[in-house]
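Before any comments, here is the structure.
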Amino acid sequence: MTEATPTTGAEEQDRPTVKHATWDQARAVAHAAASPLPEQWLPLAETIGETLAQPVTAQAPLPHYSSSAMDGWAVAGHGPWNIVVPEPAEEDPRLTWARTGNEPVIRVTSLADGQATAIVTGGLVPEGATAVLRSEWGTENDGLLSVNDDAAPGAPGPGDHIRPAGEEAAVGDVLLDPGSRLNPAHIAFAAVTGQDMLPVRRRPRVTLLLTGDEVDESGLPEPGRVRDAFGPQLPQFVHLLGGQVDAVHRLGDDLEVLTERLTVPEIGAESVLDSRAQLIITTGGTGGSSVDHLRTALADAGAHLIVDELDLRPGHPALLARMPDDGPFVLGLPGNPLAAMTALMLLGAPLLAAFGGADLPPTVEVSLTRPVDAFKSVRLLPGLAATSTVALAHEAHPWARTTTPSAAPLAYAGANMMRGFSQANVLLVIPQEGAPEGGTVVAVPLPWL
Ligand SMILES: Nc1nc2c(c(=O)[nH]1)N[C@H]1C(S)=C(S)[C@@H](COP(=O)(O)OP(=O)(O)OC[C@H]3O[C@@H](n4cnc5c(N)ncnc54)[C@H](O)[C@@H]3O)O[C@H]1N2
Ligand code: MOO
């Protein structure tokens, strides 16, 4: 985890603008730009989908006691064994009427060599027990337990069916890493280690400003108009990347409206709490035409450009800026749908990860199933990689070894096209000179890989 030092507005403004950023510069600069949001403790069940702020460590050995993995008998030494029957426990007679189960007994806490006692799965193994004999393999006769003919030869071997305390983790072991986006498996694990609350970083609040007079929100548009590719999916896409979209505004192509939306707090302007979103994502209007106003609006508002254009296609007119006085970040996505998606992955994903205190999202190396031609610039192409989260886990866990996965560059990858992207699970970084079949290139995993 990288714990970025909180920056002041002044430092922010001093940082030079990175112009025409390469794909990896864009990721690194965006990730370094934001500081982790404050952490808060939430009840375990409410932390799924949030980002863990501190490591979870084992407070006790895991499991915390030696238990039986089978119903049967705990045995000490070689058989046959004398069966130790638990003594009945003394009980307050006024309470016996309420009891529905078995008579209370005093648990057998230790066994001497040649003794055995009945045990159920998950039961606490008595001191001195050397193995558990499963119920199918033992026969009781007159207080004596023997291994029967069904048993495997040599059973029970030393330690059989005993789950030793601490076999999963020792006290102090790091069980979950900070920066992890918590999923149901993490929560199950945290629960069995005895956690009730976890420290998480809340998602940064995001406002979407969708520009474009020519954009329709439903139906099949007339020629000259386009159907909005962003409104129906960008809030969920941003959520997958760690943000929380609280507001979506459609602005048309109007400089005044855009400037107002960039500078006016979302709600509660007079509130003591800063109600502004931490990130404003705009779509369209990044270009230089008479109806593209984003750059003008940002300059008028005194915003500082952190990244000004990317040195690749599609997505080159994208920008990352910050409003003055520690104001929100502004991520300007180009209007062409695929260009917007590449810019979101290169600038938005690392920025949102940094807000959560998470590392730069990992990339994977893939080998191409077919060659890709040279082009006038680096390209980001939608790709279908034969990989899984295991390949990503490999980055964090060297024990999850994988070989280089293959990936197919997908057709229909124009800046305005969604057909290729709709089948993709990665964005392939193709060098300017192209790449041969079998050539290795970097792939940026999409958050639904
Ligand atoms: N003379 C130049 N023209 C263009 C250049 C250039 O360098 N010189 N760059 C091209 C590239 S590359 C891109 S990308 C776009 C950037 O455009 P903008 O960010 O200014 O976006 P718009 O002009 O508003 O729209 C571009 C395109 O995208 C469509 N669009 C917009 N919003 C949506 C939406 N919500 N859903 C679907 N499609 C949308 C819009 O209709 C346009 O077709 O500029 C190139 N031009
Ligand atoms: O960003 Mo444009 O979409 O590079 O082609």
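Whatever order the structure lists them in is the order used to number ligands and atoms, beginning at 1.
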Open item on the list: Does this structure show an ion pair linking Arg134 with Asp160, if we count only N-O contacts that are shorter than 4.0 Å?
Closed with: no
Open item on the list: With no hydrogens and no angle check, just 3.5 Å: does a side-chain donor-acceptor pair link Asp177 and Ser180?
Closed with: no
Task: Residue pair Tyr65 / Gly122: nearest heavy atoms and the distance that separates them - done: OH-O, 2.8 Å
Open item on the list: Just to confirm my output: which protein heavy-atom neighbour is closest to atom 1 (O) of ligand 2, and how far is it?
Closed with: Gly315 N, 2.4 Å
Task: Within the protein, residues bringing a heavy atom under 4.0 Å of ligand 1, chain by chain - done: Glu214, Val215, Val226, Arg227, Asp228, Ala229, Phe230, Gly284, Gly285, Thr286, Gly287, Asp292, His316, Pro317, Pro334, Gly335, Asn336, Pro337, Ala339
Open item on the list: With a 4.0 Å cut-off on heavy atoms, is Pro317 in contact with ligand 2?
Closed with: yes
- [ ] Indicate the atoms forming the closest heavy-atom contact of Pro445 with Val364, along with that distance.
- [x] CG-CG2, 4.1 Å
Open item on the list: I'd like to check which ligand 2 atoms, numbered from 1 as shown, lie under 4.0 Å from a non-hydrogen atom of Ala339.
Closed with: 1 (O), 3 (O)
Task: For ligand 2, the portion of Pro314 having any non-hydrogen atom under 4.0 Å away - done: both
- [ ] Identify the protein heavy atom lying closest to atom 3 (O) of ligand 2, giving its residue, its atom name and the separation to 0.1 Å.
- [x] Ala415 CB, 2.9 Å
Open item on the list: Do Thr22 and Asp311 pair up side chain to side chain, a donor and an acceptor below 3.5 Å, judged on atom types alone?
Closed with: no
Task: Pro328 side chain near Leu279 side chain, heavy-atom distance below 4.5 Å - done: no
Open item on the list: Checking Ser67 against Arg163: is there a side-chain donor and acceptor pair closer than 3.5 Å?
Closed with: yes
Task: Side chain to side chain, Thr207 and Asp246, heavy atoms closer than 4.5 Å - done: no
